[in-house]
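Only this structure's heavy atoms are used, side chains among them; waters, hydrogens and symmetry mates stay out. Small disclaimer: the values here were computed from a predicted structure and weren't measured.
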Amino acid sequence: MGTLAVVTDESFERDVLQSSGTVVVDFWAEWCPPCRLLEPHLEQLAAEHPDLTVLKMDADANPDRTLEFGALSLPTLKVFVDGRLERTIVGAKPRAALERELEPYLH
């Protein structure tokens with residue numbers, strides 16, 4: 001684990017809002033067990049779909065963007081396409097369910 005790139009309040013504009021393609025931001029926290037369960041699934045999806053960018057944002061360390069995007073329940077995934085928020089997925093899900101939710105964005 002630990003292969004996903006990190007995004008912060010300071011890098012969010014560049015790494016997410018100015019990016020082309022699909023970017024999934026995983027809002028998580030160290031104290032959140034479901035967040036830890038979700039991470040391997042996200043790492044696998046990122047490895048299998050090189051056109052999909054998956055970034056981790058520590059909600060505790062980055063409160064500005066966490067509040068701005070309403071990621072108040074963790075884990076929360078925010079799916080951005082060409083810098084626009086397209087979808088929100090709340091809660092840890094099994095791999096198959098996560099793939100179904102993200103299927104429109106997987107090429």
Side-chain angles (χ1 to χ4, degrees):
M1 289 189 16
T3 61
L4 298 176
V6 172
V7 64
T8 65
D9 282 342
E10 292 75 28
S11 68
F12 198 90
E13 180 79 26
R14 179 189 69 241
D15 295 342
V16 179
L17 301 180
Q18 294 177 0
S19 284
S20 59
T22 302
V23 178
V24 176
V25 179
D26 173 23
F27 289 85
W28 71 284
E30 190 66 42
W31 50 262
C32 170
C35 298
R36 290 193 296 276
L37 292 174
L38 186 61
E39 186 173 2
H41 301 315
L42 293 172
E43 290 174 341
Q44 290 170 348
L45 284 171
E48 293 168 9
H49 301 277
D51 54 326
L52 179 71
T53 301
V54 181
L55 303 174
K56 291 176 51 162
M57 175 168 264
D58 183 333
D60 290 336
N62 298 282
D64 295 341
R65 296 297 181 158
T66 299
L67 292 173
E68 178 182 349
F69 288 99
L72 303 179
S73 295
L74 300 179
T76 292
L77 302 179
K78 298 286 183 172
V79 181
F80 294 83
V81 177
D82 297 331
R84 290 182 321 276
L85 179 60
E86 294 275 326
R87 183 174 199 142
T88 298
I89 302 167
V90 178
K93 303 200 179 304
R95 165 77 192 253
L98 183 60
E99 271 188 290
R100 277 193 303 276
E101 296 246 14
L102 293 174
E103 194 277 326
Y105 312 101
L106 303 176
H107 306 288

Is there a donor-acceptor contact under 3.5 Å from the side chain of Ser11 to the main chain of Val7?
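No.
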Asn62 side chain to Thr8 backbone, donor-acceptor under 3.5 Å
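Not confirmed, Asn62 side chain does not pair with Thr8 backbone.
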Result of checking Leu74, Leu38, Leu4, Asp58 against Trp28 for side-chain contact (heavy atoms from CB on, under 4.5 Å):
Asp58
Which disulfide (SG to SG under 2.5 Å) pairs, counting each pair once, include a residue from residues 9-47, with sequence neighbours left out?
Cys32-Cys35
Please list all pairs meeting disulfide (SG to SG under 2.5 Å) that have one or both residues in residues 38-107, counting only residues at least two apart or in different chains.
none
Selection residues 64-74 - residue pairs positive for side chain to side chain donor-acceptor pair (under 3.5 Å), sequence neighbours left out:
Arg65-Glu68
Roughly how far, to the nearest 0.5 Å, is [atom2] of [Y] from [atom1] of [X]?
| X | Y | atom1 | atom2 | value |
| --- | --- | --- | --- | --- |
| Gln44 | His49 | CD | NE2 | 10.5 Å |
| Glu43 | Asp26 | CD | CG | 10.0 Å |
| Arg87 | Glu101 | CZ | CD | 4.5 Å |
| Phe27 | Leu55 | CZ | CG | 10.0 Å |

Is it true that [X] and [Y] fall in one hydrophobic cluster, defined by side-chain heavy atoms closer than 4.5 Å?
| X | Y | answer |
| --- | --- | --- |
| Leu52 | Val79 | yes |
| Val81 | Leu106 | yes |
| Leu67 | Met57 | no |
| Val23 | Val90 | no |
| Leu85 | Leu77 | no |

Just do the side-chain contact (heavy atoms from CB on, under 4.5 Å) check on Leu45 and Val24 with the steps written out, would you?
CA-CA 11 Å; Leu45 284 171; Val24 176; over 6 Å; no
Looking only at heavy atoms, what is the nearest atom pair of Pro104 and Arg100, with distance?
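Taking every non-hydrogen atom into account, CD-O, 4.1 Å.
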Quick one: closest heavy-atom pair of Asp9 and Pro63, and the distance?
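Heavy atoms only, the tightest pair is OD2-N, 3.6 Å.
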How would you list, by chain and number, every residue that makes a salt bridge (charged side-chain N to carboxylate O under 4.0 Å, His left out) with Arg84, sequence neighbours excluded?
Glu86
Salt bridge (charged side-chain N to carboxylate O under 4.0 Å, His left out) partners of Glu99, counting only residues at least two apart:
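Expected list: Arg95.
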Check whether any side-chain heavy atom of Glu30 sits under 4.5 Å from a side-chain heavy atom of Asp60, and report yes or no.
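A side-chain contact under 4.5 Å is absent here.
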Is any side-chain heavy atom of Ile89 less than 4.5 Å from a side-chain heavy atom of Leu102?
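A side-chain contact under 4.5 Å exists here.
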Would you sort out whether Lys56 and Glu39 count as a side-chain contact (heavy atoms from CB on, under 4.5 Å), showing the intermediate values?
CA-CA 9 Å; Lys56 291 176 51 162; Glu39 186 173 2; 3.1 Å; yes
Ring pair (Phe, Tyr, Trp, His ring centres under 6.0 Å) contacts touching residues 55-106 (sequence neighbours left out):
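Sorted result for residues 55-106: Phe12-Phe69, Phe12-Phe80, Phe69-Phe80.
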